[in-house]
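Inspection log for the structure reproduced underneath, given as C-alpha cells.
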Amino acid sequence: MALDLGGLLSKYLNVPAGQSSADAGDHFDQIAQQASPQVVGQGISDALRSDQTPSLGQMVSQVYSNANPNQQAGMLNQILASLPQGALSSLGGGALGGILGQLTAGGGTPQVTPQQASQISPDQVQDIANHAEQHSSGVFDALGNFYAQHPDLVKTLGTAALTVAMAKIAGRMRS
C-alpha cells in the first residue's frame, strides 16, 4: 500500500502551536523516506528557525549528544562552513579554544575529525551554534540539509520539534 504523503502531512498543517503528535517520530520516518531531501531539509531548517521550538544552540546540543563521532564531526563542519572568515576568533577558551585554534591555524574552512568532535562537549557545541546563529543565517540551512540526511538524529529533538518540522514540510509541499 502506497503512503499518502499529502494526507499524512495535512494532519500537521494546522496543528496549534505547542501541540504535538504522539506518532510524530513514525510519521517523520515515513515523510523522510518519501519526500525529497531538499524539502525535508528546508522543513527542518524552518523548524530550527521557528519560535515554536527551543533555541538553535539548545536543539543542536541535544542532537549532538545523541550522535556518533562521525555525525558530530559532520554537524560541526556544517556549522563552521557556514561562518564567515574570522567569526571563530571570539569564541572559546580552554579545550574548545585549543581545538578551534588547531582547526583555524591553516586558514580556509576548518574540518573537524570524529576524534576532535568527541572531545567537544554538547555545552560547547551549544555555544558554537549560538555564536553561529549570530554571525550566519546560513547555519539553519546547512544544518537542515545535514539533518535531512540523518533522520534518526532529527527524531532525538522530540515530538514538539518534529511536529513543527512536519508542519513546515507540509507547507512547503503545498506551495
Side-chain angles (χ1 to χ4, degrees), residues 24-33 35-50 53-162 164-166 169:
D26 291 336
H27 291 164
F28 185 79
D29 276 339
Q30 294 170 343
I31 290 165
Q33 291 172 13
S36 76
Q38 294 81 12
V39 169
V40 174
Q42 290 169 344
I44 295 168
S45 298
D46 291 345
L48 294 173
R49 284 184 183 95
S50 175
T53 57
S55 71
L56 177 68
Q58 187 177 342
M59 289 190 291
V60 170
S61 173
Q62 183 175 337
V63 172
Y64 191 85
S65 68
N66 290 295
N68 66 43
N70 287 326
Q71 294 166 329
Q72 290 173 336
M75 289 170 47
L76 284 169
N77 287 326
Q78 292 300 312
I79 294 169
L80 296 174
S82 74
L83 288 170
Q85 283 295 103
L88 287 176
S89 61
S90 63
L91 184 66
L96 177 61
I99 290 171
L100 293 177
Q102 290 172 8
L103 294 173
T104 57
T109 302
Q111 287 293 303
V112 178
T113 67
Q115 181 182 2
Q116 290 168 324
S118 67
Q119 298 171 28
I120 299 174
S121 74
D123 287 341
Q124 291 171 318
V125 171
Q126 182 170 345
D127 292 342
I128 294 169
N130 287 334
H131 188 76
E133 181 178 11
Q134 294 172 1
H135 291 86
S136 171
S137 61
V139 70
F140 295 100
D141 294 328
L143 286 169
N145 290 331
F146 179 80
Y147 292 152
Q149 298 169 27
H150 303 278
D152 286 343
L153 285 179
V154 178
K155 291 181 359 181
T156 66
L157 288 172
T159 58
L162 284 176
V164 172
M166 288 186 288
I169 292 168

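Computation of the quantities below employed the complete heavy-atom set of this structure, encompassing side-chain atoms and omitting hydrogens, waters and symmetry-equivalent molecules.
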Gln78 side-chain N/O to Leu143 backbone N/O, donor-acceptor pair under 3.5 Å
no
Check whether Gln42 reaches the backbone of Ile169 with its side chain - one donor and one acceptor, N or O, closer than 3.5 Å.
no
Checking side chain to side chain contact (heavy atoms under 4.5 Å, CB included) for the pair Glu133/Phe140: CA distance, chi angles, key distance, verdict?
CA-CA 8 Å; Glu133 181 178 11; Phe140 295 100; 3.6 Å; yes
Side-chain atoms of residues 144-154: list all donor-acceptor pairs with protein atoms under 3.5 Å, sequence neighbours left out, distances to 0.1 Å.
| from | atom 1 | to | atom 2 | distance (Å) |
| --- | --- | --- | --- | --- |
| Asn145 | ND2 | Asp141 | O | 3.2 |

Check side-chain hydrogen bond (donor to acceptor under 3.5 Å, both in side chains) between Asp123 and all other residues, then give those that pass, not counting sequence neighbours.
none
Residues forming a side chain to side chain contact (heavy atoms under 4.5 Å, CB included) with Thr53, sequence neighbours excluded:
Ser50, Met59, Ala161, Val164
Which distance, rounded to the nearest 0.5 Å, do you find between the CD1 of Ile120 and the OH of Tyr64?
5.0 Å
Within the structure provided, determine whether Ile31 and Met166 are in side-chain contact (heavy-atom separation under 4.5 Å).
yes
Under a 3.5 Å cutoff, is there a donor and acceptor pairing between the side chains of Thr113 and Gln116?
yes
By side-chain hydrogen bond (donor to acceptor under 3.5 Å, both in side chains) - contacts of Gln71 (at least two apart)
Asn68
Contacts of type side chain to side chain contact (heavy atoms under 4.5 Å, CB included), residue Ser36, not counting sequence neighbours
Gln38, Val39
Determine yes or no for a side-chain-to-main-chain donor-acceptor pair under 3.5 angstrom, with Ser82 supplying the side chain and Gly138 the backbone.
no
Asn77 CG to Gln111 CD distance, which is reported to the nearest 0.5 Å:
4.0 Å
Taking side chain as C-beta onward, heavy atoms only, is Asp29 less than 4.5 Å from Lys155?
yes
Side chains of Val60 and Gln126, heavy atoms from C-beta outward: is any pair under 4.5 Å?
no
